[in-house]
Asker: 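Sharing a structure, written as structure tokens. Questions coming.
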Amino acid sequence: MSSDDPAVTDPELYQVVFENERVRVLEYQDAPGDRTHPHRHPDSVMFTLTAFRRRISHGGREVEVDLPAGAVRWVGAQEHAGHNIGETPTHSIFVELKEPAPAGAATPDVLGPQSS
């Protein structure tokens, strides 16, 4: 694991619950007001177990994310820090892909989860 791995930067919030040669699955849980340190995610799929509201930031950019329980979102490879700005705890699952993106695949400068 590298120093910008969320399980290293914030081990009290991110737990590795499964890993093999193709994927790694993280469980994320926080409370209102909690913040993460800057960390990096590879291409991932996020599944929200609870509704939450948070602010994601990196390099002077910010986005607010407000998602219901049961939402599934694509999280393109990115570095960011997060802040629970809502009134409820966050509980979500990240399925991180270990294989590289297909050759020629666009890698837009995204911040936060995307609906597709």
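Residue numbers run from 1 in the order of the sequence given. Heavy-atom basis, side chains included; hydrogens, waters and symmetry copies ignored.
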Asker: Which value, rounded to the nearest 0.5 Å, describes the distance between S44 atom OG and R73 atom CZ?
Answerer: 15.0 Å
Asker: Would you check if V23 and F18 make a side-chain contact, meaning some heavy-atom pair closer than 4.5 Å?
Answerer: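 The answer is yes, as the side chains (C-beta and beyond) meet within the 4.5 Å cut-off.
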Asker: Hey, is the main chain of D10 close enough, under 3.5 Å, to the side chain of T36 for a donor-acceptor pair?
Answerer: no
Asker: I want to check something: taking the side chain as every heavy atom from C-beta on, are M46 and L67 in contact at a cut-off of under 4.5 Å?
Answerer: yes
Asker: Heavy-atom distance under 4.5 Å between the side chains of R54 and D30, does that happen here?
Answerer: yes
Asker: Rounded to the nearest 0.5 Å, what separates atom CG in D43 from atom CD in Q78?
Answerer: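 Between D43 CG and Q78 CD, I get 9.5 Å after rounding to 0.5 Å.
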Asker: Looking at residues at least two apart in the chain, or sitting in another chain, which of them share a salt bridge (charged side-chain N to carboxylate O under 4.0 Å, His left out) with E64?
Answerer: R53, R55
Asker: I want to check something: taking the side chain as every heavy atom from C-beta on, are E96 and D5 in contact at a cut-off of under 4.5 Å?
Answerer: no
Asker: Under 3.5 Å, is there a donor-acceptor pair between the side chain of H37 and the main chain of T9?
Answerer: yes
Asker: Give a yes or no on whether the backbone of A71 and the side-chain of T48 come within a donor-acceptor separation of less than 3.5 Å.
Answerer: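 Checked: pair present.
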Asker: Quick one, P42 and K98 - any side-chain contact, counting heavy atoms below 4.5 Å?
Answerer: no
Asker: Using 0.5 Å steps for rounding, measure from the CG atom of L49 to the CD atom of E27.
Answerer: 7.5 Å
Asker: Ignoring hydrogens and geometry, is there a side-chain-to-backbone donor-acceptor pair from T90 to Y28 under 3.5 Å?
Answerer: no
Asker: Using 30° and 60° as the class boundaries, would you call the ring planes of F94 and Y14 parallel, tilted or perpendicular?
Answerer: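 Judged by the thresholds at 30° and 60°, the geometry between F94 and Y14 is tilted.
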Asker: Please find the pair of heavy atoms, one from P32 and one from P89, that lie closest to each other, and give the distance.
Answerer: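 Answer, listing the atom of P32 first, then P89: CD-N, 3.9 Å.
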Asker: Nearest 0.5 angstrom please: Q29 CD to D34 CG, how far?
Answerer: 11.0 Å
Asker: Going by heavy atoms in the side chains, are H83 and S57 under 4.5 Å from each other?
Answerer: no
Asker: Do L97 and F47 belong to the same hydrophobic cluster, where Ile, Leu, Val, Met, Phe, Trp and Tyr are linked whenever their side-chain heavy atoms lie under 4.5 Å apart, directly or via other members?
Answerer: yes
Asker: Fit a plane to each ring of H80 and H39, take the angle between them on a 0 to 90° scale, and name the class: parallel (under 30°), tilted (30 to 60°) or perpendicular (over 60°).
Answerer: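 The arrangement is perpendicular - the two ring planes meet at more than 60°.
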Asker: Given 3.5 Å as the limit, does a donor-acceptor pair link the side chain of E62 with the main chain of H58, or not?
Answerer: no
Asker: Using side-chain heavy atoms (C-beta onward) and a distance below 4.5 Å, is T88 in contact with T50?
Answerer: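 They are not in side-chain contact.
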Asker: Does any part of the side chain of V25, heavy atoms only, come nearer than 4.5 Å to the side chain of V16, both counted from C-beta?
Answerer: no
Asker: Please enumerate all residues that pass salt bridge (charged side-chain N to carboxylate O under 4.0 Å, His left out) together with E87, with sequence neighbours excluded.
Answerer: none
